[in-house]
2 protein chains.
Amino acid sequence: MTSAQAADDVVARRAGRRRDDSKDDAILLAARELLAERGFDGMTMDAVAARAGAGKATVYRRWASKVEMTVDAVTCGTGVPLTIEDLPDTGSLRDDLMAVRFGRHRPDDTEIMSGLMSAVRENPEVASVFHAQFVRSRITLMRDLLERARLRGELRDDVDLDMVASVAPAMIAYRKVVAGQRVDDDFVVRMIDNVILPLVLDVR
Amino acid sequence: MTSAQAADDVVARRAGRRRDDSKDDAILLAARELLAERGFDGMTMDAVAARAGAGKATVYRRWASKVEMTVDAVTCGTGVPLTIEDLPDTGSLRDDLMAVRFGRHRPDDTEIMSGLMSAVRENPEVASVFHAQFVRSRITLMRDLLERARLRGELRDDVDLDMVASVAPAMIAYRKVVAGQRVDDDFVVRMIDNVILPLVLDVR
DNA sequence: TAGTTCCGAAACCCCCCAGTATCGTTGACG
DNA sequence: CGTCAACGATACTGGGGGGTTTCGGAACTA
């Protein structure tokens, strides 16, 4: 409980209409949708407010700037990045990787990643949250999964884990952001079976 | 000889000061530098003109818009993409790949690739030249080199050439554009030796 | 020298958009 | 019901930048 909430409950609540907390989510959702559809530059604050069914004043009452709103939209909206804690050991690296793709997780956020790219170059705050949300967490997850497979004895012993851990994130981001192609299930499975696994597995 | 040049030589040359063709190169060079330093949005036409030692009118006398100038800056400036014709068969895939990186070619243009990214999303013309210059040509080159290695008998026979051909371009673009890290010689060599070659080579 | 064309510099126009201010309205509290 | 804060809508401000025009000067032809 924050001190502000305590003040509301214990001390007399201030008069006047109370803030509609559901608007926070509506605004952040609108921001994410527009980020995915039009990118950071195309996501105007007027459009965000309009899609959320709110006025701009309501948006700026909650966030001081477009950047701060964007940071919250990305961090709160796309959720805490997946970690190895969320993925029970299936006993095989292939099944572990499939679980990452096909498990019951948040929807594909490559569109948001793509839409954020333009803002990353010129905004350190955005760059920081982008890196944490879309780069570091994914490489770390891959590295942890590979490490687990290594302990199970699945991997050859000369694998460069740090390098290999970035192969899948790189190929997925490249296909979406740089090459501008769809990242569908076919592509992911084919990448896993024809690139990642042949690269690390002991069996031949 | 173009008809315009013929007209200049045969028919009477029009009166007045002649266009300084060297300005074209100066402007395109300034555009590339600013594209690399500040990205497409940060590259203002005023800055391009100023760096080229020209007036904006001079720029707009040659190109109708910022986009058209950018397209020319990228296509003319970074040169014709490398093809397998430019790379004599060294007899080994590793040496072929090293020749791509360390051969006597144009300077590293990952900065320009990175700077163009923001414009790709919202401009089909830029997207087209970007794709030709930085995506298609590189994947094709990789694929041709792999094919050549396959004919030499270097490769395992179950290699997914189309998929593998995009691994190196993906990892380099990812590291630079998405992860925001330097693409130095160490990284490239390590990628070749610990990812690309283990993935395709027959020897084990 | 007269006429023409290109030059750099700079003023200018116009649109877009982040952010602010003001409106009348709505709803919670006393 | 009176008060007051949050609400949606909307007008407004200020800065940035693409693109155009103007201007005096320079370079070229005749």
Side-chain angles (χ1 to χ4, degrees), chain A residues 4-5 7-27 30-31 34-35 38-73 118-119 122-123 125-126, chain B residues 4-5 7-27 30-31 34-35 37-73 115 118-119 122-123 125-126:
Chain A
Q5 287 171 328
D8 280 356
D9 294 353
V10 177
V11 185
R13 164 178 281 141
R14 298 204 320 281
R17 182 174 178 173
R18 276 173 299 181
R19 175 175 293 192
D20 179 1
D21 287 336
S22 73
K23 274 296 154 68
D24 292 48
D25 294 333
I27 292 167
L34 288 165
L35 208 48
R38 310 185 195 172
F40 182 82
D41 293 334
M43 174 190 70
T44 68
M45 295 301 268
D46 290 88
V48 170
R51 181 169 301 200
K56 270 206 298 184
T58 302
V59 177
Y60 279 100
R61 195 173 295 117
R62 288 161 167 74
W63 293 277
S65 69
K66 177 177 179 177
V67 166
E68 291 186 24
M69 184 201 68
T70 303
V71 167
D72 268 20
S118 59
E122 46 205 9
N123 195 302
E125 278 188 78
V126 174
Chain B
Q5 287 171 327
D8 279 357
D9 292 351
V10 176
V11 185
R13 165 178 279 139
R14 298 205 323 280
R17 180 174 176 172
R18 276 169 297 181
R19 175 175 292 191
D20 179 1
D21 288 335
S22 74
K23 275 296 155 69
D24 292 49
D25 294 333
I27 292 167
L34 288 165
L35 208 48
E37 292 171 16
R38 310 185 194 172
F40 182 82
D41 293 334
M43 173 190 70
T44 68
M45 294 303 267
D46 289 89
V48 171
R51 182 169 299 200
K56 271 208 294 184
T58 302
V59 177
Y60 279 100
R61 195 173 293 119
R62 288 161 168 75
W63 294 278
S65 69
K66 179 177 178 178
V67 166
E68 291 187 24
M69 184 202 67
T70 303
V71 167
D72 268 19
S118 58
E122 46 205 9
N123 195 302
E125 278 189 79
V126 174

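Proteins get letters first, then strands, A, B, ... in listed order; numbering begins at 1 in each.
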Quick check: any donor-acceptor pair below 3.5 Å linking the side-chain of A:K56 to the base of C:dG19? yes
Once you round it to whole Å, what is the distance between [atom2] of [N] and [atom1] of [X]?
X	N	atom1	atom2	value
B:R62	C:dG8	CZ	C1'	12 Å
B:E68	D:dG18	CD	P	15 Å
B:D21	D:dA27	CG	P	16 Å
B:I27	C:dC7	CD1	C1'	11 Å
B:M45	C:dG8	CE	C1'	15 Å
A:K66	D:dG15	NZ	P	19 Å
A:D41	C:dA18	CG	P	9 Å
A:Y60	D:dA9	OH	C1'	16 Å

With a 4.0 Å cutoff (strictly under), does any side-chain N or O of [X] reach OP1 or OP2 of [N]?
X	N	value
A:R51	D:dG8	no
B:R14	D:dC28	no
A:T58	D:dG8	yes
B:R19	C:dT4	no
A:R61	D:dC7	yes

Within the 4.5 Å heavy-atom criterion, are [X] and [Y] side-chain neighbours or not?
X	Y	value
A:N123	A:F40	no
B:K23	B:R61	no
B:R62	B:D72	no

Hey, does B:M69 reach any base, or is it just sugar-phosphate, or nothing, if we go heavy atoms under 4.0 Å? nothing
What does B:K23 touch in the nucleic acid at a heavy-atom separation under 4.0 angstrom: a base, only the sugar-phosphate, or nothing? sugar-phosphate
Over all heavy atoms of both residues, which pair between A:A49 and A:V59 is shortest? Give the atoms and the distance, please. CB-CG2, 4.0 Å
Do you know the tightest heavy-atom contact between B:D41 and B:K66? O-NZ, 4.1 Å
Toward the 5' end of DNA chain C, which comes first, B:D46 or B:D20, by nearest nucleotide? B:D20
Can you tell me which nucleotide in C:dT4, D:dA6, D:dA27 comes closest to the side chain of A:R17? D:dA6
Ignoring the backbone of A:A57, work out which of C:dA21, D:dG19, D:dA5 is nearest its side chain. C:dA21
Here's a test of your reading of the structure: between B:A64 and B:G16, which maps to the more 5' nucleotide of DNA chain D? B:A64
